[in-house]
Structures are given as C-alpha cells and as structure tokens.
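Every chain is numbered from 1 and lettered A, B, ... according to where its sequence line falls, protein lines coming before strand lines.
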Protein chains: 2
Amino acid sequence: MARAKTAKPYHHGELREALVSAGRKLLEEKGVRGFTLRECARRAAVSHAAPAHHFASIDDLLAEIATRGYHELTAAMSAEARRSGNEPAARLVGQGVGYMAFAAANPVLFQLMFSREANRFEAPELAEAAKSAYHLHREAVEAVIPQASGDVKERMVDFAWAAVHGFITLVLEGQLGEKDSSRALKARGLAALSAMVEAVVRAGGEPG
Amino acid sequence: MARAKTAKPYHHGELREALVSAGRKLLEEKGVRGFTLRECARRAAVSHAAPAHHFASIDDLLAEIATRGYHELTAAMSAEARRSGNEPAARLVGQGVGYMAFAAANPVLFQLMFSREANRFEAPELAEAAKSAYHLHREAVEAVIPQASGDVKERMVDFAWAAVHGFITLVLEGQLGEKDSSRALKARGLAALSAMVEAVVRAGGEPG
DNA sequence: ACTCCAATCTTGTCATCAGCAAGATAGGTT
DNA sequence: AACCTATCTTGCTGATGACAAGATTGGAGT
C-alpha cells in the first residue's frame with residue numbers, strides 16, 4: 001500500500017547504527033546505571049523490542065559501544081603521537097595527551113570501557129580493540145628505552161600506562177582539581193606526563 | 001503480646017547495619033549494575049519497603065557503603081604506612097601497598113568509590129571520607145620532598161596518586177597481567193610503586 | 001501503670017525495565 | 001508472481017525503585 005508522506009516507514013533501515021549512536025549519547029547523559037535499552041529504542045523512534053534483532057541483550061549494545069570507543073581511543077592516541085614528531089619521548093607524551101583528550105571528551109564511555117563489567121562482556125572484538133590500544137602504548141614506551149631489558153620494559157609499560165590512566169581517571173571522577181579550570185587541569189596533566197616520561201627514560205638508562 | 005520463640009520479631013533492631021552489610025556482599029557478588037535494594041532487603045529478611053526508612057534511595061545506601069569504604073581505605077593506608085617505619089619514602093611505598101591491598105580485597109566497592117556516580121551522590125560524609133584519604137596521601141608525598149616548592153609538591157601528589165591508583169585500577173579491570181599469579185602481580189605493583197617513589201624523590205631534589 | 005506518639009516495618013500499588021513470544025510488514029530472491 | 005527471511009510490531013512475564021496507607025513497637029511523658 002502506498003503510504004502517506006508523513007507515515008513512518010515500517011523498516012528503519014539503519015537501526016543498528018541509530019541505536020549505537022543514540023546509546024552513546026544516552027550513556028553520556030545518564031551514566032552507566034541510567035542507560036536503558038528502551039530509551040535507546042525511543043530515541044531511534046522504534047518499538048521497545050526492535051533492538052533485540054540487532055543486539056541480543058543490553059550488554060551486547062554496551063559492548064558494541066565500548067568497542068567503538070576503543071577504536072576511537074586508538075585513533076586519538078595515534079593521531080596525537082603523529083603530531084608530536086619522531087622523537088620517541090615526545091611521541092609518548094603525545095600519545096598520552098591523545099589518551100587523556102579522548103577520556104575527557106567521553107567520560108562515561110571511558111568509564112564503561114575500563115569498568116569491571118565491560119571485562120565480562122565476552123565480546124571478542126571488544127577484547128581485540130582493547131588490545132590494539134595496549135599494543136600502541138607498549139610500542140611507544142619501548143621506543144623510548146630500546147636498550148632496556150625485557151623486564152624493565154615490561155615494568156615501564158605498566159608504570160607509564162598506570163600514570164596516564166590513573167591521572168585522567170582521577171580527574172574524571174572529580175577527585176583531582178575539582179575547581180581547576182580546564183586549562184589548569186591540562187597543565188597538571190602535562191606535568192604528570194612529563195614526570196612519567198622522565199622516570200621511564202631514567203629507568204631505561206640503567207640497563208638490566 | 002508474647003511472641004513464640006520461632007516468630008520473627010516485627011522490629012529488626014539493627015536493620016541499617018544489616019542492610020549495609022548485606023549490600024556490601026551483594027555488591028561484590030553482582031557488581032554495581034546487579035545491585036538492587038530489594039535483594040538487600042531479602043538478605044536482611046525484611047520486606048521490600050523496609051529499607052526506605054533507613055535510606056531515602058538506592059543511591060543513599062550505595063553512598064553509605066562507599067563512605068565506609070573510604071574509612072577502611074584510609075585505615076588500610078595508615079596501618080601499612082605505620083608498618084613501614086619512619087623513613088618517608090618507605091612509608092609512601094607502604095601506604096601505596098595498603099591502598100592496593102584494599103582495592104584488591106574489595107574490587108567492586110573500590111570501583112564504586114571511584115566512579116562518576118559516587119561523585120554525584122551528594123553525601124557530605126562521603127566527600128569528607130574521600131578527602132581524609134586524599135590528605136593522608138598528600139602528607140606522605142610531601143614528607144618525601146619537604147624541600148620542594150609548593151608547585152612541585154602539588155604535581156608530585158598528583159603524579160604519585162595517579163601511578164598508584166592507575167596501576168591497581170588497570171589490574172582490577174583485567175587490563176594488566178590477566179594471566180599473572182597474584183604473587184607476580186604483587187611484584188609488578190611493587191615495581192610500579194618503586195618507580196613512582198624514585199621519580200618523586202628525583203623531582204623533589206631539583207628545588208623550584 | 002497508662003496514654004499517646006513517632007519510628008519501624010508491613011502489604012499493596014504504579015510506572016518502568018529486560019527479555020520473550022507471536023504476529024505483521026518489507027525487501028529481496030527465485 | 002510467489003515466497004521467504006530479516007525486520008519491526010504489540011503484548012506479555014517477572015523484577016525493580018519509589019510511593020502510599022495501614023499495622024506494630026518501644027519509649028516518653030503524665
């Protein structure tokens with residue numbers, strides 16, 4: 001039957017994308033606990049049961065959103081490292097800046113990506129996406145201390161990631177510099193990054 | 001009326017405590033998203049509406065649990081620092097060990113305490129409890145670099161906390177050393193702490 | 001000892017949620 | 001043109017948080 005111009009088409013056409021997109025906004029607005037499948041459906045203008053044909057459960061949708069988050073995180077790290085030139089230490093700082101910038105722009109998504117729940121989502125692509133971000137970081141650290149032993153490298157990979165991740169995490173949680181301007185916060189972040197890189201360089205300089 | 005020995009007393013007597021206790025176990029079992037007020041009530045053997053008389057909302061109960069978590073965290077940090085003697089650097093490492101030990105023993109609670117939601121709970125005692133943990137940390141860092149300028153001190157407080165918090169956070173999320181034994185993980189944690197303290201000491205040695 | 005009252009706990013209800021079932025529609029395939 | 005499968009719908013079930021109204025309790029004041 002020919003439908004009137006104003007009638008809603010029965011088939012959405014790009015519902016999966018629409019749900020991911022709506023879900024991502026909803027996530028930032030309402031937080032992880034306020035996220036509901038039905039609200040996603042409402043925002044995509046479909047019935048409450050429509051999402052089931054694209055995502056087996058609410059966790060499935062969250063996993064997809066988190067996976068895309070990791071892809072974006074990786075891209076942000078790469079881009080900022082590239083902007084920082086060829087010097088390994090500068091690139092490591094840049095990658096950290098990219099990491100923090102992504103987190104600051106997507107605080108709730110970032111929290112979801114690094115939450116305990118996300119780790120139990122059993123989504124292979126999610127684990128894959130997370131690993132590629134990790135490898136990017138690992139390579140950047142190792143490039144700074146190419147002469148160090150494997151043990152030292154591993155420890156510095158841990159340490160560097162912990163410093164970057166810990167700093168931005170504490171900021172997003174409001175534990176650090178609540179009243180600071182975003183400009184001042186950026187300066188504090190850069191200071192933390194500098195301290196981290198310096199520590200890595202020193203540790204790498206003592207071979208063994 | 002005299003009630004039979006087997007009859008359940010109408011008044012619980014210590015329901016608030018029972019709910020906090022049950023809620024804490026439930027939290028670790030089911031995670032933040034699996035936490036429900038009704039299950040807490042069930043475990044305390046009261047009706048589903050009973051908790052309302054002790055906690056205005058589910059967030060209120062979570063805030064109380066988080067507040068107690070901060071008190072325990074502070075205690076764990078203090079105790080481990082005390083065990084580490086009087087040397088400031090050793091005490092800072094010890095405090096970090098206490099921090100990580102608490103987090104490892106209460107992973108979900110720890111995640112809750114440092115989640116975005118917890119920050120919006122609007123519970124004065126929660127903010128208070130969080131601050132006292134922060135001050136403990138600040139003092140421990142400043143004791144290591146008493147001669148440093150205020151700026152350097154502030155930056156090292158940021159940095160040290162970020163390193164400790166970031167490391168244990170990544171471990172609890174399963175991002176770091178998934179397959180490591182807890183013994184190996186502890187070693188990696190200590191390595192991160194050492195690198196952190198060394199960096200703080202060096203930075204503090206350059207006055208200004 | 002008696003009364004009364006406020007705190008505590010109960011049952012019952014409502015709107016909302018995730019997930020499932022069964023039926024309607026659409027777009028593509030043979 | 002017939003069909004067939006993915007997509008989307010309405011309509012349920014069981015559970016949740018919050019609220020309302022009533023029952024019970026223990027204690028404060030007389």
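Going from atom CZ of A:Phe55 over to atom P of D:dC8 covers 11 Å, rounded to whole Å. Atom CG in B:Leu19 sits roughly 12 Å away from atom C1' in C:dT8 (whole-Å rounding). Following rounding to the nearest Å, A:Glu17 (CD) and D:dT7 (P) show an atom-to-atom distance of 13 Å. Rounded to a whole Å, the CZ atom of A:Arg42 is 18 Å from the P atom of D:dC8. Atom P of nucleotide C:dC17 and atom CG of A:Asp59 are separated by 17 Å, given to the nearest angstrom. The CG-P distance, from B:Leu61 to D:dT16, rounds to 15 Å in whole Å. As a whole-Å value, the separation of A:His12 NE2 from C:dG27 P is 14 Å.
Proximity note for A:Ser47 (side chain, C-beta onward) versus D:dC8, C:dC9, D:dG17: the nearest is D:dC8. Checked against C:dT10, C:dC20, D:dC8, the side chain of A:His48 finds its nearest nucleotide in C:dC20. In the set C:dA18, C:dC9, D:dT16, the nucleotide with an atom closest to the side chain of B:Leu15 is C:dC9.
Residue A:Glu14 qualifies as open at atom CD: its count of foreign heavy atoms under 6.0 Å is 12 or below.
A close approach under 4.0 Å does not occur between any side-chain nitrogen or oxygen of A:Arg16 and OP1 or OP2 of D:dA6. The phosphate of D:dC8 has OP1 or OP2 within less than 4.0 Å of a side-chain N or O from A:His54.
On a pure distance criterion of 3.5 Å, no polar donor-acceptor pair joins the side chain of B:Arg38 and the base of D:dA15.
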**Request:** List the steps and the verdict of ring-ring contact (aromatic ring centres under 6.0 Å, His included) for B:Tyr70 and B:Phe114.
**Result:** CA-CA 10 Å; B:Tyr70 273 111; B:Phe114 289 92; 5.5 Å; yes
**Item:** Worked verdict on B:Phe167 versus B:Tyr99 for ring-ring contact (aromatic ring centres under 6.0 Å, His included)
**Value:** CA-CA 11 Å; B:Phe167 182 85; B:Tyr99 191 96; over 10 Å; no
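Interatomic distance, CD of A:Glu139 versus CZ of A:Arg91, reported as 10.0 Å (0.5 Å rounding).
Where A:Leu37 and A:His53 each meet DNA chain C at their nearest nucleotide, the meeting point lying more 5' is that of A:Leu37. With DNA chain C read from its 5' end, the first of the two nearest nucleotides for A:Thr36 and B:Glu14 is the one closest to B:Glu14.
Among the heavy atoms of the strands, none lies under 4.0 Å from B:Arg33. Within the nucleic acid shown, A:Gly13 comes within 4.0 Å of sugar-phosphate atoms alone, with no base atom in reach, counting heavy atoms only.
Applying the ring pair (Phe, Tyr, Trp, His ring centres under 6.0 Å) test between B:His165 and each of B:Phe110, B:Phe102, B:Tyr134 identifies B:Phe110 as the sole match.
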